[in-house]
Amino acid sequence: MTKRVIYSPSDKLVELAARRGNLRFRADAKAIAISSGEDIQGIVVFDSFTTRGCWVSVVSDGGRRWITRELIIKVFAYPFIQLAYPRLNSFVSVNNEDAIRFNEHFGFKREGLMRKAGDAGEDLIVYGMLREECRWLPERFAGKTGHRDI
């Protein structure tokens with residue numbers, strides 16, 4: 001079955017990601033998802049937008065084969081090219097080994113540790129990625145700013 005990338009101006013994908021991941025997102029949240037038929041396999045949520053970057057969260061249906069190259073490129077193009085942000089941020093629980101591997105595989109760097117900041121009182125790892133570090137962007141965009149149209 002063909003996979004397709006979905007951009008959602010509505011809150012439906014953000015709400016689905018919140019339910020699946022037992023997460024809460026700010027009112028400014030935007031989502032990009034991948035579907036196969038009627039099933040949403042993975043959702044990437046961006047929220048907490050500032051003048052310098054935003055936070056990103058990833059939620060899936062539990063499968064491991066939902067990520068496509070098209071999705072990866074669009075996920076990184078949104079903050080780095082469309083919004084012209086110099087950085088992207090992510091929190092990960094120290095107990096979530098899959099998410100730690102996921103972040104590091106995609107090029108996020110560990111930047112710090114927030115002690116007892118997780119919902120269960122666990123430590124959270126702060127990850128960040130700078131636009132010039134992102135290997136998923138076409139080279140001509142890696143160091144440049146884009147425009148701010150959403």
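The salt bridge (Lys or Arg N to Asp or Glu O under 4.0 Å) analysis of residues 92-105, with sequence neighbours excluded, yields the pairs Arg64-Asp98, Asp98-Arg101, Glu104-Arg110. Every pair tested for salt bridge (Lys or Arg N to Asp or Glu O under 4.0 Å) that includes a residue from residues 117-127 fails, sequence neighbours excluded, so the list is empty. Pairs passing the side chain to side chain donor-acceptor pair (under 3.5 Å) check and including a residue from residues 39-48, sequence neighbours excluded, do not occur.
Side-chain atoms of Val126 and Met114, non-hydrogen and from C-beta on, do get closer than 4.5 Å to each other. The side-chain heavy atoms of Ile100 and Ile125, taken from C-beta on, include a pair separated by under 4.5 Å. Using a 4.5 Å heavy-atom cutoff, the side chains of Leu124 and Leu113 are not in contact. At least one side-chain heavy atom of Ile67 sits under 4.5 Å from a side-chain heavy atom of Ile72.
Closest of all the heavy-atom pairs between Ile43 and Ala17 is CD1-N, 3.7 Å. Pairing each heavy atom of Trp66 with each of Lys3, the nearest pair is CA-NZ, 3.5 Å. Heavy atoms only, all atoms of each residue included: Met129 and Cys134 are closest at SD-CB, 3.6 Å. When every heavy atom of Ala33 is checked against every heavy atom of Leu13, the shortest pair comes out as CB-CD1, 3.7 Å.
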Inset, instruction - Report the C-alpha separation of Leu71 and Ile32 in whole Å, then their side-chain angles, then the decisive distance to 0.1 Å, and conclude whether the side chain to side chain contact (heavy atoms under 4.5 Å, CB included) test is met. - result: CA-CA 8 Å; Leu71 177 68; Ile32 298 173; 3.7 Å; yes
Inset, instruction - Could you check Asn89 against Cys54 for side chain to side chain contact (heavy atoms under 4.5 Å, CB included), going step by step and ending with a plain yes or no? - result: CA-CA 6 Å; Asn89 312 297; Cys54 62; 5.8 Å; no
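By the side-chain contact (heavy atoms from CB on, under 4.5 Å) test, Leu130 is found to be paired with Arg87, Glu132, Glu133, residues two or more places apart in sequence or in another chain being considered. Here Arg20 pairs with Leu16, Ile40, Val59, Asp61 under the side-chain contact (heavy atoms from CB on, under 4.5 Å) rule; sequence neighbours left out. Not counting sequence neighbours, Glu15 has no partner by the salt bridge (Lys or Arg N to Asp or Glu O under 4.0 Å) test.
One distance of note links OG of Ser90 with NZ of Lys109; it measures 14.0 Å at 0.5 Å rounding.
Trp55 pairs in a ring pair (Phe, Tyr, Trp, His ring centres under 6.0 Å) with only one of the listed residues (Tyr85, Phe108, Phe91, Tyr127), which is Phe91. When the options Tyr78, Phe25, Phe76 are evaluated for a ring pair (Phe, Tyr, Trp, His ring centres under 6.0 Å) with Phe46, the one that passes is Tyr78.
The number of heavy atoms from other shown groups lying within 6.0 Å of CZ (Arg135) is above 12.
The main-chain N or O of Val92 is never found under 3.5 Å from a side-chain atom of Asn103 such that the two would form a donor-acceptor pair. For Asp11 (side chain) and Val14 (main-chain N/O), no donor-acceptor pair under 3.5 Å exists by modelled atom type.
Hydrophobic clustering (ILVMFWY, side-chain heavy atoms < 4.5 Å, transitive): Phe80 and Ile73 are in distinct clusters.
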